[in-house]
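Here is the structure we will look at, set down as structure tokens.
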Amino acid sequence: MPLTILMAAGPGNWERYRAPLETALAKAGVAANLVQEAPPETVDYIVYAPSSTLQDFTPYTRCKAVLSLWAGVERIVGNATLTQPLCRMVDPALTMGMVEWVLGHALRHHLWLDSYIVNPNRIWNPDCPPLARDRKVAMLGIGALGEACARALQSLGFQVEGWSRAPKSLPGIVTHHGRAGLKAALSGADLIVTLLPRTPDTENTLNAETLGWCKPGAVILNPGRGALIDDAALLAALDAGQIGHATLDVFRVEPLPQDHPFWAHPHVTVTPHIAADTRPDTSSEVIAENIRRGQAGEPFLNLVDRARGY
Ligand code: NAP
């Protein structure tokens, strides 16, 4: 009997995902009906995004897993009605997008591009920017996205150091963990990239104290989550020159309110949560593979640890 897979992913996603998911399921050898509505007790799997109206998972008694289209799961992980396994999205094309965003914004600052693109006084400054090998990058979060970005920056010559919750060994990359490790990772870094999940532990990772550990003039790229940074502390550090620039893709409130000081600050660049999107073709293959695994009794990929929150 074909499985019933409920697409509960908010407006627009049915049209984007229906054909690629049906193709990927067929390719994975999974016989399934993909539906937008079904009696809850008949649903085998739920493909989910937090923009869905589905917030109470209690009646989905037969559901074997909830498969998130989003990499960040902070809006669902604490849902007390969700007792089914939750898998987050690790999508190769989403990762490519994040690598491109991080590399682009890193090179902007590394190569002093702003000073040439906007140069109204026609200043001729023949100083060459340093080479990447002369710059240290602190990658806060070295999971699926952070490690890919770390590797890409390293391939250009940047001295990348990573920071994670638990000790982690990555060939060729100096790694740190825990509170003391954060200080070591930030110290002397020219560029700081925050690719941590939003959890109670990561809230305000960059705050008045930890921003004080940074090299004066360091640049921050935040494509992780807005809550990783204390907004007021960042603004104070920018005004004091302790932080040279912040390029921010994610915010505590999105869209970023029109009157938020980030919009007007000369040393802040706002991008509207576009760093990396889940792409239907590749993510459908990940979802189909997880459903195949669920049916074969194999462990799910990208299972969220509820206690850790990511
Ligand atoms: P991931 O694979 O789960 O990696 C998370 C990393 O953060 C791991 O290295 C983890 O450490 C580390 N971490 C978690 N809690 C920590 C703590 N308390 N202290 C130190 N390190 C900690 O996640 P991912 O797929 O790379 O995604 C990261 C985040 O990117 C997502 O959660 C989401 O918020 C954000 N994101 C943003 C966009 C966008 O468009 N802006 C798109 C996709 C994702 P361990 O290795 O020890 O577990």
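Start at 1 and go down the list; that is how both ligands and their atoms are numbered.
Residues of the protein with a heavy atom under 4.0 Å from ligand 1 are Ala71, Gly72, Arg88, Leu94, Met98, Gly141, Ile142, Gly143, Ala144, Leu145, Gly146, Trp163, Ser164, Arg165, Ala166, Lys168, Leu195, Leu196, Pro197, Asp201, Thr202, Pro223, Gly224, Arg225, Asp249, Val250, His273, Ala275, Ala276, Tyr310, listed by chain and number.
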Ignoring hydrogens and angles, write down the donor-acceptor pairs under 3.5 Å from the side chains of residues 235-246, residues two or more places apart or on other chains.
from   : atom 1 : to     : atom 2 : distance (Å)
Asp239 : OD1    : His265 : NE2    : 2.8
Gln242 : NE2    : Leu211 : O      : 2.9
Gln242 : NE2    : Cys214 : O      : 2.7
His245 : ND1    : His267 : O      : 3.3
His245 : NE2    : Thr269 : N      : 3.4
His245 : NE2    : Thr269 : OG1    : 2.7

Contacts under 3.5 angstrom, residues 15-34 side chains, donor-acceptor by atom type, not counting sequence neighbours:
from  : atom 1 : to     : atom 2 : distance (Å)
Arg16 : NH1    : Asn13  : OD1    : 3.3
Thr23 : OG1    : Ala19  : O      : 2.9
Lys27 : NZ     : Glu285 : OE2    : 3.1

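Residue Leu186 comes nearest to Thr210 through the heavy atom pair CD1-O, 3.6 Å, listed as atom of the first residue, atom of the second, then distance.
Ion pairing between a basic and an acidic side chain is recognised when a charged N comes within 4.0 Å of a carboxylate O; Lys64 and Asp44 show no such pairing.
Applying the side chain to side chain donor-acceptor pair (under 3.5 Å) rule to pairs touching residues 214-238 yields Glu74-Arg225, Asp190-Lys215, Thr194-Asn222, Asp231-His260, sequence neighbours excluded.
Residues Asp56 and Thr58 bring a donor and an acceptor atom of their side chains to less than 3.5 Å of each other.
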